[in-house]
Protein chains: 2
Amino acid sequence: MEAAPNPDAYDLLFAALAHPARRRILISLNFAGGTMSAGQIAELFGHAWPTTTRHLQAMEAAGLLRHERVGRTRLYHLDTSKLALGRGWLDWFERDPVHGGPRRSNDLERENHDPGAVSIEHRGRRS
Amino acid sequence: MEAAPNPDAYDLLFAALAHPARRRILISLNFAGGTMSAGQIAELFGHAWPTTTRHLQAMEAAGLLRHERVGRTRLYHLDTSKLALGRGWLDWFERDPVHGGPRRSNDLERENHDPGAVSIEHRGRRS
DNA sequence: GACTCATTTAGCATGTACGCTAAATGTTGA
DNA sequence: TCAACATTTAGCGTACATGCTAAATGAGTC
């Protein structure tokens, strides 16, 4: 691969959400009030602990979790702000962006510059 | 692997959104009014056509696109209903999952009635 | 200090994702 | 019918994801 040498926040976010174990961790954390120890989380699954540890790291990299050491346990805290980023992205599709309502300048994509970096020239043809 | 022999709708959806090229395709389609030919889409990228074709297939598998043949071109149509699925999932984190109000509480051990299919039973001891 | 508990790090195996090029498919138009 | 066009399918290589087990770390306990 070489398409994403620098995965952006959206890459990390949606990739984090793409795995059922990770979604389940988030849901469970949410249910638990936002905080669980690594052990409690690991017990949710049949997976080996290191497997869950890595899921946790992936989500921490995506900014969905933070952790804190308390004695010999580690507490993981849910951080929902990044989820809002995902919601913001999805909201782009709630209306017709061209003929419909005004375009809010949400952040959206921004891989390089704007939403899709669209340059639609209808009737395109390549040589 | 064996964790996802049958990727569910959320897996497919979020995985589809995890790649910048695919997000850009969706944005572009939305921007263009919901429909573009495969060629127009392919021209958005420096990628080879087959690469884009496969992105399109991934999104079609996720239910985000449909296509239609018109003469020798193929028109891809945006289907935003599956995006609503993602929004619905994210909405689980907007409120207190237990009491329905604003986030609070710190209890563990909660019932299961959500997309993540949580079944928290702590005190489990894996042998 | 030695032992145990809680968790992570290291390292391995396998499958999938994603890029590519070459060939195939199906359509239109002469 | 043949050539050009629009797009997909086939097949390849590499990198990354995800599972595992074994070893390492760090914190309390005796």
Side-chain angles (χ1 to χ4, degrees), chain A residues 1-7 11-25 35-62 65-77 111 121-127, chain B residues 1-7 11-25 35-62 65-77 122-127:
Chain A
M1 243 195 292
E2 36 101 346
N6 267 339
D11 292 339
L12 291 172
L13 170 64
F14 287 122
L17 297 179
H19 196 289
R22 289 188 295 253
R23 287 198 303 279
R24 189 169 156 187
I25 288 170
T35 298
M36 276 194 247
S37 71
Q40 287 171 335
I41 293 169
E43 281 177 357
L44 296 171
F45 303 95
H47 294 152
W49 272 47
T51 298
T52 297
T53 290
R54 196 161 40 195
H55 283 311
L56 292 171
Q57 289 168 340
M59 289 194 290
E60 196 156 16
L65 303 180
R66 277 168 300 107
H67 79 269
E68 167 199 11
R69 304 173 62 148
V70 175
R72 51 185 160 183
T73 77
R74 279 178 216 207
L75 295 184
Y76 280 88
H77 304 284
E111 318 279 358
E121 32 169 294
H122 284 275
R123 180 68 213 116
R125 50 185 265 90
R126 29 183 235 115
S127 47
Chain B
M1 245 197 292
E2 36 99 346
N6 268 339
D11 293 339
L12 291 172
L13 170 63
F14 287 123
L17 297 179
H19 196 290
R22 290 190 292 255
R23 286 197 305 279
R24 189 168 153 187
I25 288 170
T35 298
M36 275 192 250
S37 71
Q40 287 171 339
I41 294 169
E43 280 175 359
L44 297 172
F45 303 95
H47 294 152
W49 272 48
T51 298
T52 298
T53 291
R54 197 162 40 195
H55 283 312
L56 292 171
Q57 288 167 341
M59 289 195 289
E60 196 155 16
L65 302 181
R66 278 168 299 106
H67 79 271
E68 167 199 11
R69 304 174 60 148
V70 175
R72 53 184 159 183
T73 78
R74 282 179 214 206
L75 295 183
Y76 279 87
H77 304 284
H122 300 259
R123 75 234 266 24
R125 194 103 253 93
R126 311 177 314 122
S127 41

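In what follows, chains are A, B, ... by sequence order, proteins preceding strands, each numbered from 1. The figures that follow rest on heavy atoms only: side chains count, while hydrogens, waters and symmetry mates do not.
Considering CD1 of A/I41 and CE of A/M59, their distance stands at 7.0 Å, rounded to 0.5 Å. Note that the CZ atom of B/R72 and the OG atom of B/S37 stand 12.5 Å from one another [nearest 0.5 Å]. Separation of atoms OG1 (A/T73) and CD (A/E68) is listed at 8.5 Å; rounding is to 0.5 Å.
In terms of phosphate contacts, A/H19 brings no side-chain nitrogen or oxygen within less than 4.0 Å of OP1 or OP2 of C/dT16. For B/H55, a side-chain nitrogen or oxygen approaches OP1 or OP2 of C/dG19 to under 4.0 Å. The phosphate of C/dA6 (OP1 or OP2) has no side-chain N or O of A/Y76 nearer than 4.0 angstrom. Close to C/dA6, at under 4.0 Å from its OP1 or OP2, lies no side-chain N or O of A/Q40. The phosphate of D/dT18 (OP1 or OP2) has no side-chain N or O of A/T51 nearer than 4.0 angstrom. Considering only side-chain N and O atoms, B/H67 lies nowhere under 4.0 angstrom from the phosphate OP1 or OP2 of D/dT8.
As judged by a 4.0 angstrom heavy-atom cut-off over every strand, B/F45 is placed among residues making no nucleic acid contact. Note on B/T73: only backbone sugar-phosphate atoms sit closer than 4.0 angstrom, heavy atoms only; bases stay farther off. Using a 4.0 Å heavy-atom cutoff across all strands shown, A/A38 reaches sugar-phosphate atoms only and no base atom.
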> Can you give one letter per nucleotide of nucleotides 23-30 of chain D, going 5' to 3': B for a protein heavy atom under 4.0 Å from the base, S for sugar-phosphate only, - for none?
Replying inline: ---BBS--
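Taking atom NE2 on B/H47 and atom P on C/dA17, their separation rounds to 16 Å, with Å as the unit. Residue B/L75 contributes atom CG, which lies 18 Å from atom P of C/dG26 at whole-angstrom precision. Note: CD1 (A/I25) to C1' (D/dT18) measures 13 Å, nearest angstrom. Note: CG (A/D11) to P (C/dC18) measures 10 Å, nearest angstrom. Per the geometry, CG belonging to A/L56 stands 14 Å off C1' belonging to D/dT18, to the nearest Å. A straight line from CG of B/L12 to C1' of C/dT16 spans 14 Å, rounded to a whole angstrom. For the pair A/M36 CE and C/dT7 P, the computed distance is 12 Å after rounding to whole Å. Rounded to whole Å, atom C1' of D/dT7 lies 15 Å from atom CG of B/L65.
Residues forming a side-chain hydrogen bond (donor to acceptor under 3.5 Å, both in side chains) with A/Q57 (at least two apart in sequence, or on another chain): none. Residues passing the salt bridge (Lys or Arg N to Asp or Glu O under 4.0 Å) test with A/R66 are A/D79, sequence neighbours excluded. Scored by the ring pair (Phe, Tyr, Trp, His ring centres under 6.0 Å) test, A/H77 finds no partners at all (sequence neighbours excluded). Here A/A21 pairs with A/H19, A/F45, A/H47, A/H55 under the side-chain contact (heavy atoms from CB on, under 4.5 Å) rule; sequence neighbours left out.
Distance from the side chain of B/R54 is smallest to C/dC20 among C/dC20, D/dT21, C/dT8.
B/M36 is not listed as a side-chain neighbour of B/Y76, based on a closest heavy-atom distance of 4.5 Å or more. At least one side-chain heavy atom of A/R23 sits under 4.5 Å from a side-chain heavy atom of B/D11.
Two end axes, each from the C1' atoms of five base pairs, can be drawn for the helix from C/dG1-D/dC30 to C/dA30-D/dT1; they diverge by 10°, to 10 degrees.
Closest heavy-atom contact between A/A15 and B/A18: N-CB, 3.6 Å.
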